**Q** 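Attaching a single structure in structure tokens format; questions to follow.
Quantities reported herein were computed from a predicted structural model and do not represent experimental measurements. Order of the sequence lines sets the chain letters (A, B, ...), proteins ahead of strands, with each chain counted from 1.
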Number of protein chains: 2
Amino acid sequence: MQITRAGEYGVLGMMYLARRDDGAARKTAMIDEVSRAEKVPKSFLAKIFQNLARAGLVKSVRGAGGGFVLAKTPTEITVLEIVEAIEGKITFQRCKQDKPDCKHIGGCALCGLFEQAQGGLTDVLTRTTLDDLIKRQERIDTTHDHSAGRLSNSQKDAIVR
Amino acid sequence: MQITRAGEYGVLGMMYLARRDDGAARKTAMIDEVSRAEKVPKSFLAKIFQNLARAGLVKSVRGAGGGFVLAKTPTEITVLEIVEAIEGKITFQRCKQDKPDCKHIGGCALCGLFEQAQGGLTDVLTRTTLDDLIKRQERIDTTHDHSAGRLSNSQKDAIVR
DNA sequence: TTATTTTAGGACAGAATCAGTCCTATTTAA
DNA sequence: TTAAATAGGACTGATTCTGTCCTAAAATAA
Ligand code: SF4
Ligand code: SF4
């Protein structure tokens with residue numbers, strides 16, 4: 001019962017994109033840049049962003065000067081969307097999966113409970129947008145900010161060049 | 001993001017134990033009986049019940065006439081307890097795991113969000129006791145009851161002998 | 001005591017999923 | 001035309017899941 005690394009890297013990557021274009025226009029960021037900034041394996045991240053692009057959460061721009069941009073504003077993207085774009089739809093119960101082969105199917109109390117439990121989870125992830133997430137992050141960064149592991153502005157500059 | 005078969009079988013097994021001793025005293029049920037009733041691989045279920053026993057949710061009785069009994073009343077056992085006894089503590093984030101090796105650790109907004117999301121899930125599973133679950137099941141059985149896949153009373157008698 | 005019945009525990013194995021890597025297109029800008 | 005970027009597929013090693021099997025230990029019944 002854990003989120004996969006792919007899912008986590010994906011959210012991290014999206015956060016980077018969102019935080020990158022502060023203020024104004026949305027600019028593309030290359031996989032290489034995101035990968036270094038978030039300390040995540042580059043080719044793995046590339047695969048993950050393919051999923052995000054297919055799901056319509058980011059737009060990919062090929063060729064020199066290309067990269068990825070958010071396809072929508074951070075307020076319009078929920079964390080659940082991101083995770084499900086990468087890991088596939090969240091379903092606790094096997095019976096709600098592609099291949100329902102359970103003998104209990106039909107009248108199973110567990111099924112209802114799991115649905116409810118899953119709801120408790122997805123509610124939180126649906127209510128939280130990418131924007132909420134970066135605001136949380138900013139709050140963390142500013143309060144007990146410097147030297148606290150998180151990338152400082154100078155480091156950020158070094159990465160962005 | 002799915003419950004494992006082991007976890008599900010475990011809850012199913014516990015439900016069987018709880019439903020078995022209606023009214024009065026708690027009686028032991030053998031693995032073989034539970035396995036047949038819930039249509040779950042026997043030796044796999046045996047392993048699962050070992051976990052439940054170690055967690056103190058059931059008591060095991062060895063030797064002829066032995067088997068497993070609930071160690072507490074169904075109202076005192078939560079579904080989360082059952083699942084965690086089998087799958088281990090639920091932790092969405094790697095950093096809260098045994099081996100925290102994430103570079104973002106320390107000031108990570110994701111960490112807080114996942115904790116919250118996980119809370120949404122575990123809340124439901126903590127509030128629901130084994131007793132609640134079998135009541136749900138009974139409600140399902142009686143409403144659109146007969147022939148509906150779920151074990152009928154005659155089948156039950158056949159199993160219990 | 002001895003045989004029988006039950007769980008305990010460990011070792012093992014096949015399948016599936018995870019966590020990547022790598023290589024070859026394809027697209028685009030310069 | 002060349003260089004820079006993503007797209008997509010194939011592939012791989014590690015880990016976890018889903019079991020099975022065997023031997024030991026405990027308890028009962030004869
Ligand atoms: S046991 Fe119930 S919840 Fe699980 S797969 Fe079967 S029908 Fe669905
Ligand atoms: S990215 Fe954040 S939530 Fe995930 S393991 Fe690292 S610190 Fe924990």
**Q** Can you tell me how far C1' of D/dA5 sits from CZ of A/Phe68, to the nearest Å?
**A**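 After rounding, the gap between these two atoms is 9 Å.
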**Q** Check the side chains of A/Ser35 and A/Asp32 for a donor-acceptor pair under 3.5 angstrom, ignoring hydrogens and angles.
**A**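 No - no donor-acceptor pair under 3.5 Å links their side chains.
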**Q** What is the distance, rounded to the nearest whole Å, between atom CD1 of B/Ile3 and atom C1' of D/dT16?
**A**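 Checked: the CD1 to C1' distance equals 16 Å.
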**Q** Over how many whole Å does the gap from B/Asp32 atom CG to C/dT5 atom C1' extend?
**A**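 Distance, rounded to whole Å: 12 Å.
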**Q** Below 4.0 angstrom, which residues in residues 45-57 of chain A have at least one non-hydrogen atom near DNA chain D?
**A**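 The stretch gives A/Lys47, A/Gln50, A/Arg54 as the residues lying under 4.0 Å from the strand, ordered by number.
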**Q** May I have the distance from B/Ile31 (atom CD1) to D/dC21 (atom P), rounded to whole angstrom?
**A**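 After rounding, the gap between these two atoms is 16 Å.
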**Q** Take the protein atom CZ of A/Arg94 and the nucleotide atom P of C/dA16, then report the distance between them rounded to whole Å.
**A**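 In whole Å, C/dA16 P and A/Arg94 CZ are 14 Å from each other.
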**Q** Can you tell me the distance, in whole Å, between the CZ atom of B/Phe44 and the C1' atom of C/dG14?
**A**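 Those two atoms, CZ and C1', are 14 Å apart.
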**Q** How are the rings of B/Phe44 and B/Tyr9 set relative to one another: parallel (under 30°), tilted (30 to 60°) or perpendicular (over 60°)?
**A**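 It falls in the perpendicular class, over 60°.
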**Q** What nucleotide, of D/dT6, C/dA19, D/dG19, holds the atom closest to the side chain of B/Pro41?
**A**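 Among the listed nucleotides, the one closest to the side chain of B/Pro41 is D/dG19.
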**Q** Please examine the side chains of B/Ile3 and B/Glu87, heavy atoms only from C-beta on, and report whether any two atoms are closer than 4.5 Å.
**A**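 Counting from C-beta outward, B/Glu87 and B/Ile3 do come under 4.5 Å.
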**Q** For atom NZ of B/Lys72, decide whether the heavy atoms of other residues, nucleotides or ligands shown that lie under 6.0 angstrom number more than 12.
**A**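 It does: B/Lys72 NZ has more than 12 such atoms within range.
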**Q** Please check if the side chain of B/Asp123 supplies one atom and the backbone of B/Gly120 the other of a donor-acceptor pair under 3.5 Å.
**A**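 Checked: no pair found.
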**Q** So, applying side-chain hydrogen bond (donor to acceptor under 3.5 Å, both in side chains) with A/Glu8, which one of B/Arg94, B/Gln93, B/His104 is it?
**A**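 With A/Glu8 as partner, side-chain hydrogen bond (donor to acceptor under 3.5 Å, both in side chains) holds for just one option, B/Arg94.
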**Q** Any sub-3.5 Å donor-acceptor pair from A/Thr28's side-chain atoms to A/Gly66's backbone N or O?
**A**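 At least one qualifying donor-acceptor pair exists.
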**Q** Describe the nucleic acid contact of B/Thr4 in one word from base, sugar-phosphate, nothing, applying a heavy-atom distance below 4.0 Å.
**A**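 Sugar-phosphate: the residue B/Thr4, judged by heavy atoms under 4.0 Å, touches backbone atoms but no base.
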**Q** With respect to the phosphate group of D/dA7, does any side-chain polar atom (N or O) of A/Ser60 fall under 4.0 Å of OP1 or OP2?
**A**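 So the side-chain polar atoms of A/Ser60 do come within 4.0 Å of the phosphate oxygens OP1 or OP2 of D/dA7, strictly under.
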**Q** Donor-acceptor pairs under 3.5 angstrom involving side-chain atoms of residues 105-118 of chain A: please list them, not counting sequence neighbours.
**A**
| residue | atom | partner | partner atom | Å |
| --- | --- | --- | --- | --- |
| A/Glu115 | OE1 | A/Lys96 | NZ | 3.2 |
| A/Gln116 | OE1 | B/Arg136 | NH2 | 2.4 |
| A/Gln118 | OE1 | A/Phe92 | N | 2.9 |
| A/Gln118 | NE2 | A/Ile90 | O | 3.0 |

**Q** How many whole angstroms separate atom NZ of A/Lys42 from atom C1' of D/dA5?
**A**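 For the pair A/Lys42 NZ and D/dA5 C1', the rounded distance is 9 Å.
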**Q** Counting only side-chain N and O atoms of B/Arg5, is one of them less than 4.0 Å from OP1 or OP2 of D/dT18?
**A**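 Checking D/dT18 against B/Arg5, a side-chain N or O does come within under 4.0 Å of OP1 or OP2.
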**Q** Roughly, in whole Å, what's the span from CD in B/Gln2 to P in D/dT18?
**A**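 After rounding, the reported distance stands at 8 Å.
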**Q** For a quick check, with a 4.0 angstrom heavy-atom cut-off, what is the B/S/- contact string for nucleotides 24-30 of chain C, read 5' to 3'?
**A** --BBBS-
**Q** Just by modelled atom types, is the A/Leu125 backbone N or O under 3.5 Å from a matching donor or acceptor in the A/Thr128 side chain?
**A**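 A pair under 3.5 Å: no.
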**Q** When you measure from the side-chain N and O atoms of B/Tyr9 to the phosphate of D/dT18, is any distance below 4.0 Å, counting only OP1 and OP2?
**A**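 False: B/Tyr9 side-chain N/O out of range (4.0 Å or more) of D/dT18 OP1/OP2.
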